[in-house]
Structure formats: structure tokens, C-alpha cells
Q: 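Below is one structure. I have some questions about it.
Chain A is the first sequence line, chain B the second, and so forth, proteins listed ahead of strands; every chain is numbered from 1. Atoms considered below: every heavy atom in the structure, side chains included; atoms not considered: hydrogens, waters and symmetry mates.
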Amino acid sequence: MVRVRFAPSPTGHLHIGGARTALFNWLFARHHKGKFILRIEDTDRSRSTEEYIESIIEALKWLGLDCDEGPYRQTERMEIYKAYAYRLLQEGKAYRCYCTPQELEARRQQAMKEGKPPRYDRRCRSISEKLDKPFAIRFKIPLEGESTVQDLVKGPVTFKNSELEDLIILRSDGTPTYNFCVVVDDFDMKITHVIRGEDHLNNTPKQIHIYHALGIEPPQFAHIPMILGPDRSRLSKRHGATSVLSYRDEGYLSDAMVNFLARLGWSYGDQEIFTKDELIKYFNLQQVGKANAIFNAEKLLWLNSEYIKLTSEEKLLELVIPFLIQEGYLKEGETLDLAWACKAIKSLKERCRTLKELAHAMRYYILDYVDIDPKSKEKYITEKTIPLLREITEKLEALEEFTQDKIEKIFMDMVNEKGLKLGQIAQPVRVVITGSTVSPGIYEVLEIVGKEKTLKRLRRVIHAS
RNA sequence: GGUCCCAUCGUCUAGCCCGGUCGAGGACGUAGCCCUCUCAAGGCUAAAACACGGGUUCGAAUCCCGUUGGGACCGCCA
């Protein structure tokens with residue numbers, strides 16, 4: 001039974017990189033009909049917050065990455081780590097280190113200055129008696145030999161033990177450290193595959209030594225490449241929106257985000273668009289690339305527009321309502337006629353790339369009056385076009401059935417009578433009705449806006465001039 | 001600085017493991033054309049890459065070595 005975990009530390013919102021790690025784990029679990037476990041690595045109490053834990057869970061939920069177990073919290077398991085650490089101490093596989101953080105820091109600085117590797121010199125490793133001083137517990141790394149990580153993505157990676165440091169597993173305040181907790185937890189939670197960011201690759205040999213010291217078999221490892229910002233450095237706040245939830249708030253669909261994330265570092269031939277089921281069916285670690293990937297916001301935007309096109313009008317309506325409320329086009333609790341709203345969305349869905357854009361475009365369907373863009377007004381609402389607007393208003397007013405084809409006939413008749421080009425009348429009307437020169441087809445727009453609002457807007461403009 | 005990882009169009013990538021079918025394919029973006037009441041969408045076309053240098057081989061994007069470049073890690077952070 002495959003068991004994988006996503007183990008974020010709640011020191012920030014779930015970002016793009018973390019989300020992809022979570023996704024790969026989730027896909028791997030679902031593909032193998034295994035379990036996906038969430039574990040919160042909050043041993044750094046000073047930087048972890050409840051708010052971030054909730055935010056991460058919310059983001060996972062939005063992405064649809066449901067977990068089968070957890071969230072477990074490391075802070076609730078402190079006694080377990082402590083017991084394992086003392087067991088290693090008793091068995092002589094770890095030792096008390098009496099060096100203070102200040103001393104260690106000073107020595108590190110010194111070593112750096114001399115151009116030497118800033119590694120702990122193991123001076124406490126040989127102290128056999130117990131001193132009456134505060135101590136941390138350090139793990140004994142074998143002095144010689146080498147260890148190889150059989151990585152499912154990178155292949156075999158070998159490290160010399162002499163390059164590894166005796167790491168602290170229990171701090172002097174009795175709290176355990178990351179590299180130790182992971183091992184204990186992954187063992188305790190029966191994790192079979194550790195799929196995580198490449199930034200952990202260098203930690204892996206240390207962890208493997210801890211597994212061996214504990215007398216347990218390490219899980220399989222898969223280190224996936226990093227996601228970099230456009231400047232090729234690690235994705236961070238200064239690259240703008242990197243929090244997954246900020247994309248939700250900007251009107252991205254979670255399936256588009258999932259699809260985007262999946263294709264960052266993984267591929268399946270030339271296919272670009274995948275349903276979740278396809279992703280589950282096709283996902284494998286062999287197809288995960290080895291090279292880092294740069295986050296390409298343009299492609300995400302494109303994917304989002306593709307997903308909007310693929311989504312039903314009913315579903316889009318449901319999704320766009322919060323944005324309509326946010327934009328102030330709809331009051332909380334107010335509803336729209338379902339059939340009418342779907343027609344409106346249908347006319348707009350292929351020209352909007354986000355739900356936010358869709359909501360904004362819907363303003364001219366929903367509101368009584370719209371603000372007219374000054375430049376468009378200057379160009380299209382002129383003394384030449386006002387008579388045309390007046391005439392078309394009269395004709396539209398006389399129309400019994402305010403439908404697309406009837407409206408079209410009125411426009412075409414007028415164009416033919418006067419020898420105009422359609423644009424000469426369509427554009428002024430568009431500007432009056434939608435407030436700008438850009439919209440779906442004018443007949444469609446008028447039908448959806450409806451006779452009443454159409455006439456109101458036309459008359460207001462005519463009377464104002 | 002040390003250790004480790006990586007290297008195909010600007011970007012995501014296919015191909016690489018199992019050399020010849022690659023005069024390197026797809027997608028985003030960009031440019032142009034078509035469609036057209038505007039804007040999109042759609043269709044067509046174009047520019048655009050095997051980092052470099054050595055091997056191995058009849059033949060290398062594919063295998064080996066080196067160089068360069070990028071990234072990660074070197075904490076009583078995770």
C-alpha cells in the first residue's frame with residue numbers, strides 16, 4: 001500500500017512550489033490507490049502560526065487535494081521524538097553536545113573566514129561522562145564510507161560520509177529538529193514514498209543514516225525539481241503573487257491551477273489539457289523532469305481561459321457570483337435569473353481569461369446604466385452618430401420581440417437604406433450600451449441587456465446631447 | 001568556498017534510458033494573414049532551441065569526459 005505525505009511548515013501561505021509538491025504526492029497516491037497524508041511541520045514554534053495552518057488547508061481544499069489522514073501536527077508528537085532521541089543516546093548512536101549556539105556561530109564565522117567548510121568539529125563526540133551543563137543531542141554520522149540515495153527522479157546520488165555533519169536532533173530546550181522529526185514521522189506513519197522538493201536532496205543522506213541507526217528501512221525517495229521565478233531564482237514574494245489562494249482570489253479556476261502545476265516538471269507526450277482523472281491515470285514519477293522550471297504566469301492565464309471555455313455556464317455562474325458581489329454589481333443574497341445569466345455568460349466566456357474579467361464584463365448586462373469610456377464616447381458619440389442613434393432607438397422601441405434576429409434585421413435594414421457600413425451604427429450603439437468599444441456581437445448583447453435597459457441607455461445619451 | 005543537482009525555441013516541454021525514422025515535434029507568448037459590427041475565440045503561416053569543447057561511433061540532441069552556465073544545500077530553520 002502506497003502511503004505518501006505532504007509536510008508543509010506553516011510559516012507562510014501555500015505557494016506555487018509547495019502546491020505542486022502536494023499535487024505530485026496526491027496524484028501518486030491516487031494513481032496507486034494509496035493514502036495521501038497531511039502533516040504539519042510546526043516544530044519551529046516561533047515562525048509557525050495557526051493562521052497559516054488554516055490557510056494551507058484551505059488552499060489544499062480549493063485545489064481538491066483531499067487528504068486521507070491528518071492533519072497530524074508535530075507539536076503534538078514531541079514526546080515521541082524525544083523518546084527516540086534518547087534511545088539513540090543510550091545506544092551510543094548519538095551524544096550530548098555542550099557547545100552553546102554562540103560558540104558554534106563564532107566557530108562558523110571563523111571557519112568561513114579561513115575559507116574552510118563551516119562544519120561542526122565534533123569536539124563533544126569524545127566526551128564520555130555526563131556534564132552538568134545544558135546540552136543538545138547530536139547524531140553520530142559514520143566518519144568514513146559513503147551513502148547512496150536511490151532517487152526515483154534523479155537516479156543514484158552518492159555522498160561521502162566525511163562531508164556530512166553530526167547534526168543536532170534534539171535542541172537544548174528539548175525540542176527535536178526537522179531532520180530527525182521527518183525520519184521518526186515517516187517511519188511512524190508508514191510512509192512508503194517521500195516525494196519532496198530537490199532542496200531536501202542534501203538532507204537525505206543524513207536522514208538515511210538516522211533510519212539505519214534506528215534499525216529501520218528508509219522509504220523510497222523522489223526529489224522533484226524546483227520552481228523558479230522569471231529571474232531564475234527561487235520563487236518568493238518579490239516575484240509577485242506566489243500564494244495559491246491569491247490566484248483563487250484573482251479568478252483562476254482550481255482545475256486550471258492543478259493542470260498548470262501538473263505540467264510544470266511533468267509531461268505526457270504533447271498533451272496540455274488534462275482532466276483530474278486523466279492526471280491520476282497518467283501520472284508517474286518516471287516522466288518527472290530533472291531540470292528546474294520557471295513559473296510562467298502567461299501560460300497559467302491561457303490555461304485558465306481554456307478551462308473557462310470548458311466549464312458550463314451554470315457552473316461559471318456559481319463561481320462568478322462572489323466576484324460580482326465583490327465588484328458591487330450584485331448585492332449579497334440577490335439572485336439572477338438562471339437562464340438569462342447563463343445566456344449572458346455564454347456570450348462572454350470565450351473572451352474572458354479569469355472569473356474576475358467575466359464579472360467585470362457582466363456589468364453591462366446587470367446594471368441599469370454603465371459608465372462610458374471617455375475616449376470611446378469622443379470617437380463614437382458625435383453629432384453625426386446621434387441622429388443614427390435616435391433612429392435606431394425608435395425602431396428598436398417598435399420591436400415586439402426583442403430577439404437577436406429581429407434586432408439584426410433592424411440594423412441591416414438601416415444599413416441598407418442609408419448605405420452605411422455596419423460598424424458605423426454598431427459601434428456607437430455598442431459604446432452606449434456597454435460603455436466601451438469591446439463586447440460580444442451587438443445583436444446578442446442587445447437581446448441579453450433587454451429592451452428596457454437598451455432604450456433607457458440610448459435615450460439618456462440622446463437627451464444629454 | 002565545499003558538497004550535490006541540472007542543461008532542447010524567451011517560457012513549459014516531446015525526443016535521450018534502448019544512437020540512425022530529428023533537415024528536432026507540441027504548447028504558451030510574439031508577428032502576419034483569414035474570418036469579422038468591435039474584441040475575443042477559431043483557422044492558417046512565420047520567426048524561435050539540441051550551452052560550448054573534446055572523445056566513442058559508419059552515424060550523437062541521444063553514450064563518455066571536460067568547460068561554462070544555472071540552481072539547491074551547507075542553522076540548536078524547515
Q: Think Ser267(A) has a side-chain N or O under 4.0 angstrom from the OP1 or OP2 of rA14(B)?
A: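 True: Ser267(A) side-chain N/O within range (under 4.0 Å) of rA14(B) OP1/OP2.
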Q: Distance between the P atoms of rU11(B) and rU30(B), in whole angstroms?
A: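 16 Å, rounded to whole Å.
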Q: Does rG1(B) have its OP1 or OP2 closer than 4.0 Å to a side-chain nitrogen or oxygen of Arg108(A)?
A: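 It does not, given that no N or O in the side chain of Arg108(A) lies less than 4.0 Å from OP1 or OP2 of rG1(B).
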Q: Taking the nucleotide of RNA chain B with the nearest heavy atom to each, does Arg20(A) or Pro176(A) sit closer to the 5' end?
A: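 Mapping each residue to its closest nucleotide by heavy atoms, the 5'-most match is Arg20(A).
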Q: Think Arg96(A) forms a cation-pi with Tyr98(A), using NZ or CZ under 6.0 Å from the six-ring centre and within 45 degrees of its axis?
A: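 No, cation not above the ring by the 6.0 Å, 45° rule.
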Q: What does nucleotides 3-8 of chain B look like as a protein-contact string, B for base, S for sugar-phosphate only, - for none, at under 4.0 angstrom between heavy atoms?
A: BSSSS-
Q: Run the salt-bridge test on Glu278(A) and Lys281(A) with the 4.0 Å N-O cut-off and return the result as yes or no.
A: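 Not counted as a salt bridge, because no side-chain N and carboxylate O are separated by less than 4.0 Å.
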Q: Under 4.0 Å between a Lys/Arg side-chain N and an Asp/Glu carboxylate O for Glu163(A) and Arg119(A)?
A: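 Between Arg119(A) and Glu163(A) there is a salt bridge, with a charged N closer than 4.0 Å to a carboxylate O.
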Q: 5'-most contact on RNA chain B: Ala426(A) or Leu264(A), nearest heavy atom basis?
A: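 Nearest-nucleotide comparison on RNA chain B picks Leu264(A).
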Q: Give each protein N/O atom lying under 3.5 Å from an N/O atom of nucleotides 28-36 of chain B, with the pair distance.
A:
{"from": "rC28(B)", "atom 1": "O2'", "to": "Lys299(A)", "atom 2": "N", "distance (Å)": "3.4"}

Q: Please state the C1' separation for the pair rA60(B) and rG53(B) - nearest whole angstrom.
A: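 Those two atoms are separated by 15 Å.
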Q: Kindly indicate, with the supporting measurements, whether the criterion side-chain hydrogen bond (donor to acceptor under 3.5 Å, both in side chains) is fulfilled by Thr177(A) and Asn179(A).
A: CA-CA 6 Å; Thr177(A) 59; Asn179(A) 279 111; over 6 Å; no
